[in-house]
Each structure stands twice: as C-alpha cells, then as structure tokens.
Amino acid sequence: MAGVGNHGTRTGARGSDAVSAGRSATSVRLADSLGQTYDLDSAGTERLLVAGLILRVRDLLLRELDGVLSELGTSHAKYQVLSIVCSEPDGVQLSEIAARASVHSTTMTATIDRLVRGGLIERRADPGDRRRILAVATREGHNLYRRAHAELAALEYGLSDVDSDTVKSLLEGLDNVALVFEHGAGGPE
C-alpha cells in the first residue's frame, strides 16, 4: 500500500511495519481503510486524517443504524425527518426540516414524498400563511418513530462498544468542531 510521505514522496509501509516505522495505530487504521498511508509529521496530515476518520465513522455508523431501521421498514433519512416532525405537533415547514437535517431541499422533498406515500406524514397548509406547507406526522408516523427510537436507544445509537470516556471526549470535541463550522473560525457570536 503506497501513500504520500513527508515531502510528497511515496511510502510503502503496511500495518505493523508502519507502526514500527513511527506511524500511530490511528494512522495505520485509517490507512488500511483508505488504502494509503500518511506520515503524521507532514503539514496538514493530522487534519486530513481527522476529516477522513469523521467521514469514515459517519459511513460506518449510518450503515449500522440503517441496518436496524431497515428491519422496521425505514431508513436513517426517514427517521431523521420523523424525529423533527414528531417533535412539532403543529407541523414544520419543509424548508425548516431541510435546514435542521442539513439536507438540500430537493433531497428533502423526495424524502417527504416517500413519507407521505407511506402514510407517515401529511402535508398541510400553514394556517398562519396558506402559501407555506407544513409537514405533520400521522399516528402511523408517530408509532414508527417511537419504535425506531426505542430500537436505536437500546443499541446506544450504534455506540454501545465505545467506552463512556471516549463518548464524552467525542461529544466535546465534535461539538467544538461543529461550532467552528456553524459560526466561522471565530466561534459563536
């Protein structure tokens, strides 16, 4: 497996050879998953590895959660919409759902359409402004959300094998990263 070395040169270290060559076990695990190795002392490499690990963990976690949710006949995307809509008894504007789920409005519309066809939510005109459309959970939508929530909670949202100290560290660290992205490099205003 080849990767970029300290000054852009290719390196060929693998697994335990890479650890003995001075690479951390974390960089080796990421290297194994990406098919490349990186020197941790290269400029920007730690940030590259962090970004790669965040994306990899996201993919692995979604795969785990979707496996559970598929047994209930739903997906993470549908569950996410139901979690937003079920928390608002009077309904939620479609644009607000997209913003809260961090999903493009076109993708959200397709997800909403599938939930409407499945009888899990319905579209209603906003009584305050009939030009706006609200998504409101049906009884079936609330029931599915409760069952899915209970299943995911029982599995500790896919993190049951991660120790509590690591979960706390991730919560704090990832919250800080999210704040930077949400409010810019200066943090919250």
Side-chain angles (χ1 to χ4, degrees), residues 50-189:
V50 168
L53 283 170
I54 289 171
L55 294 173
R56 176 137 173 84
V57 167
R58 178 192 182 275
D59 290 345
L60 293 168
L61 191 55
L62 283 175
R63 187 179 320 147
E64 177 86 12
L65 299 179
D66 270 336
V68 172
L69 293 169
S70 69
E71 292 177 16
L72 297 170
T74 194
S75 66
H76 182 263
K78 292 177 188 176
Y79 171 78
Q80 187 176 25
V81 171
L82 284 172
S83 70
I84 294 167
V85 175
C86 287
S87 68
E88 303 284 346
D90 296 329
V92 185
Q93 288 182 19
L94 303 184
S95 60
E96 183 180 339
I97 298 169
R100 287 171 58 182
S102 299
V103 175
H104 190 274
S105 59
T106 304
T107 303
M108 184 54 60
T109 299
T111 302
I112 297 286
D113 289 345
R114 288 191 297 275
L115 289 166
V116 168
R117 282 193 304 272
L120 301 170
I121 66 169
E122 55 187 40
R123 287 182 170 101
R124 293 187 190 158
D126 185 337
D129 181 349
R130 300 201 49 84
R131 295 171 294 175
R132 296 190 318 200
I133 302 297
L134 301 176
V136 180
T138 63
R139 182 179 311 149
E140 293 82 10
H142 280 285
N143 289 339
L144 176 59
Y145 171 71
R146 281 192 289 274
R147 286 194 327 269
H149 184 73
E151 289 286 328
L152 294 178
L155 292 172
E156 298 181 44
Y157 302 94
L159 299 172
S160 60
D161 292 335
V162 180
D163 67 84
S164 295
D165 289 339
T166 300
V167 169
K168 289 175 187 172
S169 294
L170 284 169
L171 183 60
E172 183 177 321
L174 291 173
D175 186 49
N176 288 336
V177 171
L179 285 172
V180 168
F181 278 103
E182 291 168 356
H183 301 288
E189 296 177 10

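The closest donor-acceptor contact from the side chain of Thr166 to the backbone of Val162 lies at 3.5 Å or more, if one exists at all. In this structure, the side chain of Asp66 engages the main chain of His76 through a donor-acceptor pair within 3.5 Å. Side-chain atoms of Thr138 come within 3.5 Å of backbone atoms of Leu120 as a donor-acceptor pair (strictly under, hydrogens ignored). No donor-acceptor pair closer than 3.5 Å links the side chain of Ser102 to the backbone N or O of Ala98. Checked by atom type and distance alone, the side chain of Thr109 pairs as donor or acceptor with a backbone atom of Ser105 at under 3.5 Å. Between the side chain of Ser169 and the main chain of Asp165, a donor-acceptor pair closer than 3.5 Å is present.
Of all non-hydrogen atoms in Val136 and Asp90, the two that sit nearest each other are CG2-O, 4.2 Å. Shown here for Glu140 and Gly119, the closest heavy-atom pair between the two residues is OE1-O, 3.6 Å. Minimum interatomic distance between Leu72 and Ala148 (heavy atoms only, all atoms of both residues): CD1-CA, 3.4 Å. For Ala101 against Met108, the heavy-atom pair with the smallest separation is CB-CE, 3.8 Å. Of all heavy-atom pairs spanning Ala137 and Cys86, the tightest one is CB-SG, 3.7 Å. Summarising the geometry of Ala135 relative to Val85, their closest heavy-atom pair is O-CG1, 3.5 Å, with the distance given to 0.1 Å.
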Inset, instruction - Let me see the working for Asp126 and Ile133 under side chain to side chain contact (heavy atoms under 4.5 Å, CB included), right down to the final yes or no. - result: CA-CA 6 Å; Asp126 185 337; Ile133 302 297; over 6 Å; no
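The CD atom of Glu64 lies 9.0 Å from the CG atom of Leu159; values are rounded to the nearest 0.5 Å. Expressed to the nearest 0.5 Å, how far CG of Leu152 lies from CZ of Arg147 amounts to 12.0 Å. Taking NE2 of His142 as the start and CD1 of Ile121 as the end, the distance is 11.0 Å to the nearest 0.5 Å. The distance from the CD atom of Gln93 to the CG atom of Asp129 is 8.0 Å, given to the nearest 0.5 Å. Within the model, atoms CZ of Arg63 and CG of Leu60 stand 5.0 Å from one another, a figure rounded to the nearest 0.5 Å. Rounding to the nearest 0.5 Å places CZ of Arg139 at 15.0 Å from CG of Leu144.
Glu88 and Arg100 are joined by a salt bridge, as a carboxylate oxygen and a charged side-chain nitrogen come within less than 4.0 angstrom of each other.
Using a 4.5 Å cut-off on side-chain heavy atoms (C-beta onward), Asn176 and Val180 make no contact. For the pair Val103 and Ile97, the minimum side-chain heavy-atom distance is 4.5 Å or more. Residues Leu134 and Pro127 form a side-chain contact, since some pair of their non-hydrogen atoms from C-beta on lies under 4.5 Å apart. The side-chain heavy atoms of Glu182 and Leu179, taken from C-beta on, include a pair separated by under 4.5 Å. Arg123 is listed as a side-chain neighbour of Val116, based on a closest heavy-atom distance under 4.5 Å.
Within a 6.0 Å sphere centred on CD of Glu172, heavy atoms belonging to other residues, nucleotides or ligands number 12 at most.
Ring pair Tyr79/His149 is parallel by interplanar angle, where below 30° counts as parallel and above 60° as perpendicular.
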